[in-house]
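Accompanying notes for the structure given below.
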2 protein chains.
Amino acid sequence: MTEAAKRPTHRTDPLDSLLGYHLRRLSVVVMTDLTESLAPLQLKPAEASILLVIASNPGTTQSEVGRVLGIFRANMAPLIAALLKRGLIERKAVDGRSQALRLSSAGAAVCRRAQNVVREHEERLFGRLTREASATMVAQIRSLWQAKH
Amino acid sequence: MTEAAKRPTHRTDPLDSLLGYHLRRLSVVVMTDLTESLAPLQLKPAEASILLVIASNPGTTQSEVGRVLGIFRANMAPLIAALLKRGLIERKAVDGRSQALRLSSAGAAVCRRAQNVVREHEERLFGRLTREASATMVAQIRSLWQAKH
DNA sequence: TATTGTTATACTCTATAACTATA
DNA sequence: TATAGTTATAGAGTATAACAATA
């Protein structure tokens, strides 16, 4: 158990009733677990999510992947560069500025392993929720997210 | 609307069914809104949460605040130093190593304003959920979080 | 030995500005 | 004018190691 995760002794937490606070702290737990789970593949969560999106949308561009995942163009560049350098993805010019992205065969293999890691990660963290409870949470989060735009 | 928030065109998102993915993205929206809402008080979310915990637990120590909020000792130091420098909190030695923390009168005033900001922030983001739906989500998140320890 | 507080350091993600090249 | 991609830079949060002083 990490230091910061130790249980408080007898202090009250005035934030305990706030949904945003709980969302935030849970998301930290989720990200930490995912980061550790993907470490054997030498993938960061952002890189793994990019591989999954390319696998589902072969020929897409890096700007489009960024829009799907909510990652800025400026932050996509080094992520894509790292995946290219490792030979996990390939680029082919569509026109003078856009380039189609596809997984290499090595990338497809890593992507399959990443999919398994993600599935196990979700099962480990959320498996105790009923399928219905999980779906309800996703639906509620989606509606909240959409209300913001 | 920021660049990264633009809606995707027609690409599929293979992560769309994953609860952890939605939790993470919602938590980003929550943190961004809270950060912007607290900016007029010149408080970061972490600083505001520290003020709230001290207000509820006068005389607590900085290590204890860190344990309540899940913040490492090493990261508490500069946060507490900043609040001290601004005169929002006061320190008094308990023994040779621990020091009791309390809000100054200026700190109490800022803390009250922060409480209002947080209330409005939660209402703005989650007000569309019924009281019951919100309580259910908090309860589910709490149970998930506890399962991790 | 364990705890408090501190410093230094590193990593991930998010965000903006500025630039080149192309549509 | 708008878009694609890049670089540089900054900020917030999380995390580990190492140290001094104290319990």
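All chains are named by letter (A, B, ...) in the order of the sequence lines, taking the proteins before the strands, and each is independently numbered beginning at 1.
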Open item on the list: Is there a side-chain contact between A:L125 and B:L144 in this structure, where contact means two heavy atoms from C-beta onward sitting under 4.5 Å apart?
Closed with: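 In short, these two side chains do not touch, never coming nearer than 4.5 Å.
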
Task: B:L88 side chain near B:L103 side chain, heavy-atom distance below 4.5 Å - done: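 No, too far: nothing below the 4.5 Å cut-off.
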
Roughly how many Å is it from [atom1] in [X] to [atom2] in [N], rounded to a whole number?
X	N	atom1	atom2	result
A:I71	D:dA4	CD1	P	16 Å
B:M76	C:dT4	CE	P	12 Å
B:I80	C:dT6	CD1	C1'	13 Å
B:K92	C:dG5	NZ	C1'	19 Å
B:D33	C:dA15	CG	C1'	16 Å
B:L79	D:dA12	CG	P	10 Å
B:N75	D:dA17	CG	P	14 Å
B:R67	C:dG5	CZ	C1'	12 Å

Task: Pairs flagged by side-chain hydrogen bond (donor to acceptor under 3.5 Å, both in side chains) wherever residues 99-113 of chain B is involved - sequence neighbours left out - done: B:R91-B:Q99

Task: Residue met sooner reading DNA chain C from 5', once B:V28 and B:Q62 are mapped to nucleotides - done: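 Mapping each residue to its closest nucleotide by heavy atoms, the 5'-most match is B:Q62.
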
Task: Reported CD1-to-CG distance for the pair B:I89 and B:L84, which is rounded to 0.5 angstrom - done: 4.0 Å

TODO: Please name the residue in the list A:V118, A:I141, A:L69, A:L34 that meets the side chain to side chain contact (heavy atoms under 4.5 Å, CB included) test with B:Y21.
DONE: A:L69

Examine [N]: is either OP1 or OP2 under 4.0 Å from a nitrogen or oxygen in the side chain of [X]? Give yes or no.
X	N	answer
B:T32	C:dA15	yes
A:S63	D:dT3	no
B:R24	C:dT14	yes

Task: Base versus backbone protein contacts along nucleotides 18-23 of chain C [heavy-atom cut-off under 4.0 Å; B, S, -] - done: ----BS

Open item on the list: Tell me every residue that passes salt bridge (Lys or Arg N to Asp or Glu O under 4.0 Å) with A:R128, counting only those two or more places apart in sequence or in another chain.
Closed with: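 Partners of A:R128 under the salt bridge (Lys or Arg N to Asp or Glu O under 4.0 Å) test: none.
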
Task: For B:R142, salt bridge (Lys or Arg N to Asp or Glu O under 4.0 Å) partners two or more places apart - done: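 Once residues adjacent in sequence are excluded, the partners of B:R142 under the salt bridge (Lys or Arg N to Asp or Glu O under 4.0 Å) criterion are A:D16.
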
TODO: Within residues 35-47 of chain A, find the residues that approach DNA chain C with a heavy atom at under 4.0 Å, and present them sorted by residue number.
DONE: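 Listed by number, they are A:K44, A:P45, A:A46.
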
Task: For B:S134, all residues meeting side-chain hydrogen bond (donor to acceptor under 3.5 Å, both in side chains), sequence neighbours excluded - done: none

Task: Donor-acceptor pair, side chain of A:E122 and main chain of B:G20, under 3.5 angstrom - done: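 Yes; at least one donor-acceptor contact below 3.5 Å.
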
